[in-house]
Q: 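I have a structure I would like to understand better, so I am pasting it below and will then ask my questions one at a time.
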Amino acid sequence: MHRPQRWDIFCAVIDNFGDAGVCWRLARQLAAEHGYVVRLIIDDLASLAMLAPKLDPRAPLQILAGVTVVPREQAPTDAADVVIEAFGAPVPEAYLAAMVETPPVWINLEYLSAEAWIEGCHCLPSPHPRLPLTQWFFYPGFTEQSGGLLREARLIADREAFQAVPGAFAGFLDGQGLRPPEPEALKISLFGYENPALAGLIKAWSHSSRPIWCAVPEGRIRASVESTLGKPLSTTQHRGALTLEPIPFLAQDDYDRLLWGCDLNFVRGEDSFVRAQWAARPLVWHIYPQDEQAHLVKLEAFLDRYHEGLASAPAEASIALHDAWNRSEGARVEALWPQFEDALPELAQHARRFAQALADQPDLATQLALFAKSKLK
Ligand code: TRH
């Protein structure tokens, strides 16, 4: 096949930014690092434009960062060589008919999970109930037996270079029009879903023995901050040792620099969660809530995997705070914070080890490329 491979990614934005975030990152990487002709067919350009400010949410079709972005209502009717349904986003009927004409490698990209069972389902075929087509399940994950994690080729080197320069974070914040924190402050980024437990966290931080600087991007948790403060967080707010800094929703690549510059990152969902791991800094994950607390099993699976090899005291401090934060228990969060703060130096070393171990595994885009190659006739 002399012409470059053509890849189409279908993305349906359920809510929030994760679906678009993962698909935009993957699409850019497949184009930039693998030289594929990539089309991203998405049903919510406004959400994508939050992550990629140069994107025009009204344009019928546009090319950005080497990716052709297509609104779903203008979905193409010619099938690519490789088709990815991200998180089960179905392809339109007309496109399915085109796939029957020229059967592509058809992949269902699943949500990330640290649970062991995914290894048994990874790369399993699923014959279409009525058409001569087969779809393949592809599970991102944390082990060699999974599809791996999204990680751009330059990511670790770029992070290392940023974290090696003492003034880089202050320079980045200055570039965003933000006042850098005091040098001795503990720098925290706060991204999450609404959480009543935040009142407990703010109380603990305001009584901290050292200054705490907390950046709060625009987003759902801002509401919890404002109800705790009893007023909008439109300007810098001080509560005892705590400085709360409202920041805008950043472009996806700038968000990485916020994570790289902070000493601790509160993250959520899937994509910010993975980026916080690549930042090699301690993290607190607010998992996407599911019915009947099903998300707590996923959370526990990750916490078991993440804390492997870490001494019991810092591990218990981290696991306990994760549990209290994800169960929205404010009093417990407040009570557990001092122990967690004391564990930060060991958690920081561990975060570097964990990121290094993950970086030794092949990344998701590379594994998708190899898989597709093995299936392409
Ligand atoms: O937005 P999310 O809660 O997305 C969720 C999850 O993906 C979840 O798995 C899925 O089931 C649900 O959507 C439907 O969290 P996530 O995955 O971290 O995505 C947030 C994206 O926003 C991520 O790509 C990082 C990006 N981001 C920025 O680009 N700038 C910012 O300032 C911030 C705070 C985030």
Side-chain angles (χ1 to χ4, degrees), residues 9 11-29 40 42-55 64-65 85-89 108-115 118 139-141 149-152 155 172-173 175-178 188-195 214-225 233 245-262 264-279 283-291 294-299 301-302 325-326 364:
I9 301 174
C11 177
V13 176
I14 313 296
D15 58 6
N16 306 306
F17 298 101
D19 308 286
V22 168
C23 293
W24 178 234
R25 206 180 285 293
L26 175 60
R28 288 189 288 160
Q29 190 178 3
L40 173 58
I42 183 166
D43 64 356
D44 181 349
L45 266 73
S47 292
L48 185 57
M50 289 286 286
L51 308 171
K54 292 200 183 82
L55 190 95
L64 190 64
E85 283 191 8
F87 314 126
N108 182 350
L109 180 63
E110 287 285 349
Y111 284 110
L112 171 64
S113 176
E115 295 161 287
I118 65 143
Y139 283 84
L149 299 172
L150 272 177
R151 183 186 75 245
E152 298 84 354
L155 179 63
F172 162 72
L173 292 173
Q176 298 288 331
L178 299 166
I188 299 175
S189 74
L190 183 65
F191 183 50
Y193 305 111
E194 296 80 358
N195 194 332
C214 178
V216 188
E218 220 175 280
R220 294 176 56 176
I221 201 157
R222 183 83 73 88
S224 303
V225 174
L233 182 63
E245 191 68 57
I247 68 170
F249 194 90
L250 302 168
Q252 217 179 26
D253 297 345
D254 288 332
Y255 179 61
D256 274 330
R257 286 165 182 71
L258 177 70
L259 297 173
W260 299 348
C262 285
L264 170 64
N265 295 304
F266 283 71
V267 288
R268 72 185 206 194
E270 180 163 334
D271 191 60
S272 63
F273 164 54
V274 172
R275 301 315 278 189
Q277 294 167 53
W278 293 134
L283 60 89
V284 176
W285 180 32
H286 197 178
I287 190 170
Y288 184 75
Q290 293 173 295
D291 300 341
H295 54 285
L296 294 179
V297 176
K298 273 182 86 166
L299 175 67
F302 172 74
W325 184 241
N326 281 278
L364 176 65

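Counting convention: from 1, in listed order, for ligands and their atoms alike. A quick note: this is a predicted structure, and the numbers were derived from the prediction, not measured.
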Q: Just jot down the side-chain contact (heavy atoms from CB on, under 4.5 Å) partners of P289, sequence neighbours excluded, or say none.
A: Y193, H295
Q: Any atoms of ligand 1 less than 4.0 Å from a non-hydrogen atom of P217? List them with their elements.
A: 34 (C)
Q: Do S224 side-chain atoms and N195 backbone N/O form a donor-acceptor pair below 3.5 Å?
A: yes
Q: Nearest protein heavy atom to atom 22 (O) of ligand 1, by residue and atom, and its distance?
A: L51 CD2, 3.4 Å
Q: Drop me the distance from D19's CG to I14's CD1, to the nearest 0.5 angstrom.
A: 5.0 Å
Q: Of all heavy-atom pairs between L40 and C11, which one has the smallest distance, and what is that distance?
A: CD1-CB, 4.1 Å
Q: Of Y193, F87, F17, which has the heavy atom at the shortest distance from atom 3 (O) of ligand 1?
A: Y193
Q: List the residues meeting ring pair (Phe, Tyr, Trp, His ring centres under 6.0 Å) with F266, not counting sequence neighbours, and say none if there are none.
A: W205, W325
Q: Counting non-hydrogen protein atoms only, what is the nearest one to atom 18 (O) of ligand 1? Give residue, atom name and distance.
A: S272 OG, 2.6 Å
Q: Would Y111 and Y288 count as a close aromatic pair, with their ring centres under 6.0 Å?
A: no
Q: Run the numbers for me: atoms of ligand 1, each under 4.0 Å from some heavy atom of D15, listed by number.
A: 12 (C), 13 (O), 14 (C)
Q: R220 vs N16, test: side chain to side chain donor-acceptor pair (under 3.5 Å). Steps then yes/no.
A: CA-CA 9 Å; R220 294 176 56 176; N16 306 306; 2.8 Å; yes
Q: Could you say whether the N/O atoms of R268 and ligand 1 ever approach to under 3.5 Å?
A: yes
Q: Show which atoms of ligand 1 fall inside a sub-4.0 Å distance from at least one heavy-atom site of G21.
A: 24 (O)
Q: Looking at ligand 1, does W24 have a heavy atom less than 4.0 Å from it?
A: no
Q: Report yes if some N/O of Y288 lies less than 3.5 Å from some N/O of ligand 1; otherwise report no.
A: no
Q: Report the part of Y255 (side chain from C-beta onward, or backbone N, CA, C, O) that has a heavy atom under 4.0 Å from ligand 1; answer both or neither where that applies.
A: side chain
Q: Give the residue, atom name and distance (to 0.1 Å) of the protein heavy atom nearest atom 27 (N) of ligand 1.
A: F249 CZ, 3.4 Å
Q: With heavy atoms of Y111 as the reference, note each atom of ligand 1 found under 4.0 Å away.
A: 9 (O), 10 (C), 11 (O)
Q: Using a 3.5 Å distance criterion without hydrogens, assess whether the side chain of D43 forms a donor-acceptor pair with backbone atoms of V13.
A: yes
Q: Pair R275, E152 - check salt bridge (Lys or Arg N to Asp or Glu O under 4.0 Å), show working.
A: CA-CA 11 Å; R275 301 315 278 189; E152 298 84 354; 3.1 Å; yes
Q: For ligand 1, find out whether one of its N or O atoms is nearer than 3.5 Å to an N or O atom of L250.
A: yes
Q: May I ask you to identify, for L112, whether its side chain, its backbone, both or neither come under 4.0 Å of ligand 1 on a heavy-atom basis?
A: neither
Q: Check each of A12, A52, G18 against atom 4 (O) of ligand 1 and report the one with the nearest heavy atom.
A: G18
Q: Indicate yes or no for a side-chain donor-acceptor contact from E270 to the backbone of L112 under 3.5 Å, with no hydrogens or angles considered.
A: yes
Q: Could you tell me which non-hydrogen atom of K54 sits nearest to which non-hydrogen atom of L64, and how far apart they are?
A: CB-CD1, 3.9 Å
Q: Looking at D19, which atoms of ligand 1 are within less than 4.0 Å of one of its heavy atoms?
A: 14 (C)
Q: For atom 9 (O) of ligand 1, what is the closest protein heavy atom, and at what distance to 0.1 Å?
A: E270 CB, 3.8 Å
Q: Does I14, backbone or side chain, put an N or O under 3.5 Å from an N or O of ligand 1?
A: no
Q: In the protein, what heavy atom is nearest to atom 23 (C) of ligand 1, and what distance, to one decimal place, separates them?
A: D271 OD2, 3.2 Å
Q: Should the ring pair Y255 and F191 be called parallel, tilted or perpendicular, given that the plane angle runs from 0 to 90° and is split at 30 and 60?
A: perpendicular
